[in-house]
Number of protein chains: 2
Amino acid sequence: MSVHDITYDVRMARWEPDAQNRLRDAALTLFADGGYERTTVAEIARTAGVTERTFFRHFADKREVLFDGQARLQDAFVGAVTAADGDAAPMTVVATALDAAAALFPPERRAFARQRAGIVAANPGLQERELLKLATLTDAMADAFRRRGLAEPTASLTAHTAVVVFHVAFAQWISPDEQRSFADLCRSATEDLRTVTAS
Amino acid sequence: MSVHDITYDVRMARWEPDAQNRLRDAALTLFADGGYERTTVAEIARTAGVTERTFFRHFADKREVLFDGQARLQDAFVGAVTAADGDAAPMTVVATALDAAAALFPPERRAFARQRAGIVAANPGLQERELLKLATLTDAMADAFRRRGLAEPTASLTAHTAVVVFHVAFAQWISPDEQRSFADLCRSATEDLRTVTAS
DNA sequence: TACGGTGATGTCATCAACTGACATCACTGG
DNA sequence: CCAGTGATGTCAGTTGATGACATCACCGTA
């Protein structure tokens with residue numbers, strides 16, 4: 001459905017609603033179609049029916065339009081760590097947090113995740129942003145572990161462990177022909193990591 | 001020594017030599033002095049006695065001027081992994097690689113590392129670039145581990161393990177009042193990580 | 001009903017980061 | 001002596017990003 005198909009209420013709004021979603025959808029489509037770099041912000045804004053200035057009111061920069069699901073991921077991770085039994089061992093908490101995160105990536109999302117990953121993989125600037133989001137997530141988790149009483153550097157190492165497993169499992173999840181669920185891949189990667197560090 | 005103190009040979013060169021080093025030095029000084037964002041590339045170039053265009057011939061972008069030591073770090077890591085005994089356990093190889101990397105950070109470099117880290121920490125864009133360099137390093141190490149016969153995802157997990165330990169130990173190394181050597185911090189962090197993952 | 005505040009948007013001007021195309025000219029090898 | 005090379009300069013242009021100010025539907029309230 002295009003912008004021109006919208007039916008108006010009697011009370012006409014000054015602007016079509018949901019500019020942020022329109023911008024995100026326009027950006028996704030244009031990136032997938034013509035590539036990230038060849039797509040200008042002006043073009044995205046025009047497609048969404050707003051001005052370039054409005055784009056930058058909704059997203060801090062051009063990259064950010066691809067990264068606004070990260071808040072939910074961080075909430076899932078940090079929430080699980082915070083809610084975990086105070087006596088649980090670090091790796092038990094990590095496993096719980098990974099389960100909570102995995103719930104955000106059901107099988108239906110895999111196709112979309114693959115498309116998005118393709119866009120990100122094709123542009124170093126987008127990879128940088130993705131890595132910054134993961135680093136922010138790591139910091140937030142380390143904080144949560146410190147609140148549980150873990151000292152440094154153990155808190156940071158535990159947070160990094162969780163994020164590394166997530167990262168590696170995610171890469172497997174979106175790789176071609178992969179069938180296993182994200183949660184299974186997390187559990188398997190956790191076990192592999194355990195084996196490696198014990199070697 | 002400033003640019004104006006150079007003594008010329010009988011055969012005058014068309015331009016003063018070493019433009020790249022002059023640019024890097026100028027950038028470091030200006031960043032430390034006025035902050036990264038408030039320093040323009042034009043200003044760096046002017047200080048180094050070249051044009052803005054020449055800056056971009058030596059560095060791919062403004063950030064890159066702070067990150068051209070990474071090649072040596074990657075060589076140290078990958079070289080150690082490649083040179084390690086083919087039968088050695090992954091964590092033994094990781095320890096060897098960390099020792100090789102630690103040799104690049106002797107006590108004399110700590111003050112400089114702290115100053116540079118201060119600049120990077122104050123700017124998200126620079127953090128992104130640093131993370132991208134670490135990710136590139138991780139990929140290169142994973143490659144080296146695969147060449148040793150490790151399968152996925154073990155190769156990636158092992159490479160991530162090495163880089164996480166490096167990263168956490170580095171953060172400790174440059175933290176205020178820290179006295180221990182980088183190599184010691186790496187060994188200690190490795191041991192902590194072992195304990196965490198075994199929990 | 002009138003009216004003042006609010007918020008999402010538009011308009012305009014400006015800057016800084018980059019890039020492509022082409023010119024310059026000391027140096028070098030034959 | 002001359003043609004080629006490479007590091008640099010010059011210049012024009014695009015794009016991302018930001019500040020300042022205007023607009024006007026909507027909402028609550030007198």
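In what follows, every heavy atom counts, from backbone to side chain, and hydrogens, waters and symmetry copies are set aside. Reminder, nothing fancy here: chain letters follow the sequence lines and each chain counts from 1.
No donor-acceptor contact under 3.5 Å links the side chain of A:Arg53 to the base of D:dG16.
Residues from residues 31-38 of chain B with heavy atoms under 4.0 angstrom of DNA chain C: there are none.
Among the nucleotides D:dT18, D:dT8, D:dA20, the one closest to any side-chain atom of A:Arg57 is D:dA20. The B:Thr54 side chain lies nearest to D:dG9 when the options are C:dG10, D:dT18, D:dG9.
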**Prompt:** Stepwise, does the side-chain contact (heavy atoms from CB on, under 4.5 Å) test hold for B:Ser188 with B:Gln172?
**Reply:** CA-CA 11 Å; B:Ser188 173; B:Gln172 290 190 280; 5.7 Å; no
**Item:** A:Glu152 vs A:Ser156, side chain to side chain donor-acceptor pair (under 3.5 Å): CA-CA, chis, key distance, verdict
**Value:** CA-CA 6 Å; A:Glu152 283 301 344; A:Ser156 284; 3.0 Å; yes
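The distance from atom CZ of A:Phe56 to atom P of D:dA20 is 18 Å, rounded to the nearest whole Å. Between the C1' atom of C:dG20 and the CD atom of B:Glu52 lies a distance of 15 Å, rounded to the nearest Å. Atoms CZ (B:Arg63) and P (C:dA17) sit 11 Å apart, rounded to a whole Å. Separating the NZ atom of A:Lys62 from the C1' atom of D:dA17 is a distance of 12 Å, rounded to the nearest angstrom. Per the geometry, CG belonging to B:Leu23 stands 13 Å off C1' belonging to D:dA7, to the nearest Å. We find that CG of B:Asn123 is positioned 16 Å from P of C:dA16, with the value rounded to whole Å. Taking atom CZ of residue B:Arg46 and atom C1' of nucleotide C:dA16, one finds them 13 Å apart after rounding to whole Å. Note: CD1 (A:Ile44) to P (D:dT15) measures 12 Å, nearest angstrom.
For the pair B:Leu157 and B:Thr161, the tightest heavy-atom approach, listed with the atom from each and the gap, is O-OG1, 2.7 Å. Between A:Ala162 and A:Met141, the closest heavy-atom pair is CB-CE, 3.8 Å. Counting all heavy atoms, side chain and backbone alike, B:Ala121 lies closest to B:Gln127 at O-NE2, 3.1 Å.
B:Thr51 has no side-chain polar atom (N or O) that falls below the 4.0 Å cut-off from OP1 or OP2 of D:dT8. Listed pair A:His58 / C:dT9 meets the phosphate criterion, a side-chain N or O lying under 4.0 Å from OP1 or OP2.
A donor-acceptor contact closer than 3.5 angstrom is absent between the side chains of A:Glu43 and A:Thr47.
Nucleic acid contact for A:Thr40: sugar-phosphate only, since backbone atoms but no base atoms lie under 4.0 Å from a heavy atom of the residue.
Aromatic ring centres of A:Phe166 and A:Phe77 lie closer together than 6.0 Å.
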